[in-house]
Amino acid sequence: MGSVNDTSLCVGKTPWWKEAVFYQVYPASFKDTNNDGWGDIPGLIAKIDYLHDLGVDCVWLSPMFESPQKDMGYDISDYQAVFSRYGTLSDVDYLISACHTRGMKLILDLVVNHTSDQHPWFQESRSSKTNPKRDWYMWKPARYDANGNRMPPTNWRSYFAGPTWTWDEHTQEYYLHLYDTSQPDLNWENPECRKAIYDEAMRFWLDRGVDGFRIDTVNKYSKRVDFPDAPVTMPGETDQPAPEMWCNGPRIHEFIREMNEQVLAPYNAVSVGELSNTPLPEQVLPYVSAAAKELDMVFEFSTIRLGTGGPFHGKYLYREFPLSELKQYVATWQQWLEGTDGWHTVFCENHDNGRAVSRFGDDSTAEAWEASAKTIALWQATLTGTIFLYQGQEIGMVNMPKDWPIEAEYKDVESLNFYKEAKASGDVERIRKTEEGLRILARDHSRIPMQWDASPNSGFTKEYSGLFVHGAFRPVLQEDETLFVYVKDDQGFEEGDVQAEKRRKALVVMNFSGKPANLQEHNLDVAATPGCKHGEERLLVTTLRKKDMSSMEAGTLRPWESRVYLSF
Ligand code: NOJ
């Protein structure tokens, strides 16, 4: 795709972010310019032309704020300072202008469900029960069991294993943290706290020129403040999964609307929210319906979480899944928007998951790696919605080698806590399965250094945005466990838009397996497929190398080969 080459808000009736390519940079591992082993903002600046040439329209920079780095910057101790290994405020100012002068945009990560326990707000809050900021976090007295043993206020399990509550000796109360004990949750019920978030974490950066935010854990600000116990769904465990107690809570839409009205909208800032534990389209629409005035886009996780055993206890117990399950999720999330005023994101990687080629493709041989990485790229580029790439995805980066020892090489707090928990159980099978799961799914895989010696891959051009970014999605051969096939049809694209083009259809045929796939056997000789009339279709893209194209067979796809046919 080409670049947005002006700073206007819309192309015709279409907001710029719908047809933009977003690219996520994880600062620690992107580009190190001072050889301290940490990537840095000068490194990102040095690579801006690379991103521009790649066709990136908007960079999403993961947290680069001051932080003790217990959760790699998602534990912020100062919203207005830059972590010194990453650079300085002036570096960020320079980055903003480096993006803008190239017609690109920059969004930051907004992490305001929680802060670090080192943030001055929490330091004040924990200093005494009467401190004015006491209520900026969620404090609760202990409960006691029949034997007088102290117990947390609820039985909720945290994301990183263990309870969501930590006891504070000094003030003799527990504080709530959905993540690590060092990441106390802010109390969004408190209006002064919300105001401080808007001023210090948002307006400060918008005033410096950033174009919006990827919003961390956006649906967890409103908790059930009657604090009930979660039902016991994991018998024998002390801490129970409790997303219904703190996710999509009673005041969540009120809070997000307020954030939009007071901060995002006045700055025309783009917003993309991280929306976990929300698997139903009817739950998602209220967040992204244009009329609701909440968020522009969200990340929904059904597809990217495939293979995990759920978000809590079983997360790293790897579960194999058939291609038809992947296709079902894709079809659901491609089709739910039709006839609504919402919008969708397309992604299969980020900093919280293993690499796509190692999960949805095949990294076992060089040939399979190349073919499956290209097929995954083609799959993503032909889906409806705004595409988000993660650093290194463009060169098909893979997971860490399977024989790297977990204790020595895995650094992520979540990986290590789950591994520790499995080992503490003494259950040999659980330990083995957790090791297997971590080798495929761990967040560490996406956090290793970007490999800079590969050549760029520029992808699709904007000529086909009506078809691929906006087009209606029609699944074909949905039950097949080898072929992934769909038609994209630009009938859904609004008439009168400056981007509107002659009605077209595209047939996307992908072999998601390591064996040849016969298209004719399925009556899939292109001509037989809806929207592709014989003699009128033409091959638009193939994942084959040029030298192999002369021996391409119309009726057979090689292992992991994919094609897009265009029909007029
Ligand atoms: C979601 C982020 O993507 C993840 O990396 C982080 O650990 C949690 N939110 C907590 O901020």
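Heavy-atom basis, side chains included; hydrogens, waters and symmetry copies ignored. Counting starts at 1 for both ligands and their atoms, in listed order.
Phe227 pairs with exactly one of Trp139, Trp246, Tyr174, Trp165 by the ring pair (Phe, Tyr, Trp, His ring centres under 6.0 Å) rule, that one being Trp165. Under the side chain to side chain contact (heavy atoms under 4.5 Å, CB included) rule, Leu275 has a single partner from Thr345, Asn219, Val288, Leu295, which is Asn219. Each of Glu421, Glu435, Glu436 was compared with Arg430 under the salt bridge (Lys or Arg N to Asp or Glu O under 4.0 Å) criterion, and only Glu421 meets it. Remark: of the listed residues Thr386, Asp296, Thr384, Thr386 is the sole one forming a side-chain hydrogen bond (donor to acceptor under 3.5 Å, both in side chains) with Trp343.
For atom 5 (O) of ligand 1, the closest non-hydrogen atom of the protein is Asp352 OD1, 2.8 Å. Here the protein heavy atom with the shortest distance to atom 6 (C) of ligand 1 is Asp71 OD2, 3.3 Å. Counting protein heavy atoms only, atom 8 (C) of ligand 1 is closest to Tyr179 CE2, 3.6 Å.
At least one test fails for Lys223 against the ring of Trp188: distance under 6.0 Å to the centre or angle within 45° of the axis.
Below 4.0 Å from some heavy atom of Arg447 lie the following atoms of ligand 1, by number and element: 5 (O). Within the listing of ligand 1, atoms 9 (N) sit less than 4.0 angstrom from a heavy atom of Thr217. Applying the 4.0 Å criterion to heavy atoms of Arg443 picks out, from ligand 1, the atoms 4 (C), 5 (O), 6 (C), 7 (O).
Rounding to the nearest 0.5 Å gives a distance of 9.5 Å between SG of Cys348 and CG of Leu326. Within the model, atoms CD of Gln118 and CG of Asp78 stand 12.5 Å from one another, a figure rounded to the nearest 0.5 Å.
Only side-chain heavy atoms of Phe160 come within less than 4.0 Å of ligand 1; its backbone N, CA, C and O stay farther off. Neither the backbone nor the side chain of Lys220 comes within contact range of ligand 1; no heavy atom lies under 4.0 Å. Here His177 has no heavy atoms under 4.0 Å from ligand 1, in either its backbone or its side chain. Using a 4.0 Å cut-off between heavy atoms, Glu414 makes no contact with ligand 1 at all.
In terms of N/O distances under 3.5 Å, ligand 1 is approached by His114. Ligand 1 has an N or O atom lying under 3.5 Å from an N or O atom of Asp216, backbone or side chain.
Around the OH atom of Tyr94, the shell of radius 6.0 Å holds no more than 12 heavy atoms that belong to other residues, nucleotides or ligands.
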